[in-house]
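Note sheet for the following structure.
Order of listing sets the numbers, starting from 1, for every ligand and every atom in it. Source: prediction; values computed, not measured.
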Amino acid sequence: MHTSYIELSESAVKNNINFIKHLIGEDVIFSSVVKGNAYGHGIKTYCPLAYKFGARHFSVSDASEALEVLDCLNSKDITIMIMGMIDNQHLEWAVENDIEFFVFETDRLQAALLAAKKAGKPAKIHVEFETGMNRTGFVRKDFGNLLKFIKSNPKDIHVKGICTHLAGAESIANYKRITDQQKKFKRIINYLKRNNWELPQIHMASSAATIRYPKTRYDLVRTGIVQYGFFPTQEILVHYLDKHKNVLNPLRRVLSWKTKVMDVKTVKAGEYIGYGNSFFTNVPTKIAIIPVGYSSGYNRSLSNKGKVLIRGKRLDVVGTVNMNMMIVDISEASDVTKGDEVVLIGKQENQEISVSSFSDLSQVINYELLTQLPKEIQRKIVL
Ligand SMILES: *Cc1c(COP(=O)(O)O)cnc(C)c1O
């Protein structure tokens with residue numbers, strides 16, 4: 001049983017998905033990226049909400065996530081796409097269940113063919129090309145064989161898409177690299193056209209590219225972080241606001257993470273709090289014990305740095321974050337009592353703790369901190 005809980009805001013999901021759909025228009029497919037347990041939001045709670053507000057295409061990173069999406073939606077009108085690794089043993093399952101998957105090298109192509117033959121159904125693949133990320137994808141020297149293979153197995157291999165992934169569209173520092181990737185991908189598309197490939201869905205954009213490089217949208221965008229209410233970086237937010245002559249952040253945070261005060265006490269001056277000697281009381285200090293620690297996803301690096309909200313006040317985490325507990329200085333909120341609501345992420349009265357202000361680190365950390373939220377924490381939907 002977990003000592004904290006997560007709330008997902010339905011109206012925020014609606015707002016964010018509408019934002020994306022409005023941005024990309026009717027002709028581009030919105031693929032809701034729900035890898036990393038829907039960026040910590042919880043696949044089983046998040047996907048039905050996304051479905052309710054119009055998501056019909058879901059991207060995950062492996063077969064177990066694909067299974068979860070399938071389980072919680074079991075609807076005929078959705079498409080599930082695996083972008084990362086699947087063991088060959090799971091390929092057959094994917095084929096049987098009409099789950100689409102990335103193919104990024106020749107062995108995987110062979111395995112897909114075998115799986116299709118075994119399942120007696122075509123494998124629906126997205127051929128991934130290497131364009132400069134230097135991670136996964138077919139490279140130039142493979143193209144000849146790839147084409148031959150695809151053309152000679154039309155019954156078993158259905159190419160649903162061709163794609164690539166950008167290496168950091170959220171930062172202007174990567175501008176040259178990103179535009180080079182775009183050029184390279186375009187050359188690949190032209191090459192395939194010249195070789196009479198009937199071109200399926202073309203896709204390359206994640207959230208950052210969807211906003212900053214509209215030409216990368218092609219037929220489908222793989223949008224993760226934006227649907228949860230975050231711009232990938234501050235830079236992308238500023239870019240968006242500037243371009244749209246807007247002053248307000250159009251997104252709304254979906255997730256809140258809350259717990260309750262476990263105990264309160266006063267520590268006299270001249271004492272250390274918690275393990276070791278990282279926090280010393282210069283004056284008598286009132287503290288609250290919070291039943292959440294790094295095993296619940298509250299990063300240990302927030303020791304003496306994190307902030308929480310209690311009774312509408314922004315309070316400091318003092319001492320080290322323990323495995324299952326941490327301590328907050330409530331000297332400035334001395335009316336705090338046992339059982340009071342503690343907001344670790346989210347709003348309380350006029351205050352808000354965004355994931356990034358967990359600490360002063362850059363927003364890129366959002367991705368990491370969110371996905372550290374354990375699957376077992378209870379998730380509920382609020383308006
Ligand atoms: C995670 C991921 C995305 C989504 O990225 P966001 O920045 O969250 O929008 C898109 N494509 C691939 C291949 C990914 O791994």
Between [X] and ligand 1, does any nitrogen or oxygen pair lie at a separation below 3.5 Å?
X	value
Ala205	no
Lys35	yes
Met83	no

| request: Using a 4.0 Å heavy-atom threshold (strictly under), name the region of Pro232 that reaches ligand 1: side chain, backbone, both or neither. | output: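 Neither part.
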
Residue, atom name and distance, where the atom is the protein heavy atom closest to [atom]:
atom	answer
atom 12 (C) of ligand 1	His165 CE1, 3.3 Å
atom 7 (O) of ligand 1	Tyr367 OH, 2.8 Å
atom 9 (O) of ligand 1	Ser207 OG, 2.5 Å
atom 11 (N) of ligand 1	Arg222 NE, 2.9 Å

| request: Using the six-membered ring wherever Trp is involved, compare the ring planes of Tyr228 and Tyr46 and label them parallel, tilted or perpendicular (cut-offs 30° and 60°). | output: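 Aromatic pair Tyr228/Tyr46 classed tilted.
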
| request: Using the six-membered ring wherever Trp is involved, compare the ring planes of Tyr240 and Phe231 and label them parallel, tilted or perpendicular (cut-offs 30° and 60°). | output: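 Tilted, since the angle between the ring planes falls between 30° and 60°.
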
| task | Examine Arg56 relative to Tyr51 and say whether NZ or CZ is less than 6.0 Å from the centre of the six-membered ring and inside a 45° cone about the ring axis. | result |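 Yes - Arg56 lies over the ring of Tyr51, closer than 6.0 Å to its centre and within 45° of its axis.
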
| request: Mark yes or no: Arg140 above the aromatic ring of Tyr191, with NZ or CZ under 6.0 Å from the six-membered ring centre and no more than 45 degrees from the axis. | output: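 Checked: cation-pi criterion met.
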
| salt bridge (Lys or Arg N to Asp or Glu O under 4.0 Å), paired with Asp340, selected from Lys313, Lys260, Arg311 |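 The passing option is Arg311.
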
| task | Check whether the ring centres of Phe129 and Phe143 lie less than 6.0 Å apart, and answer yes or no. | result |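 Yes: the rings meet the under 6.0 Å criterion.
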
| message | List ligand 1 atoms under 4.0 Å from Ile225, heavy atoms only on the residue side. | response |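 Those of ligand 1 that fall under 4.0 Å from Ile225 are 6 (P), 8 (O), 9 (O).
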
| said: As an exercise, state the distance from NZ of Lys380 to NZ of Lys258, rounded to the nearest 0.5 Å. | reply: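 Rounded to the nearest 0.5 Å, the NZ-NZ separation comes to 8.5 Å.
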
| query | Closer than 4.0 angstrom: is that true for some heavy atom of Tyr39 and an atom of ligand 1? | reply |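 Yes, Tyr39 has a heavy atom closer than 4.0 Å to ligand 1.
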
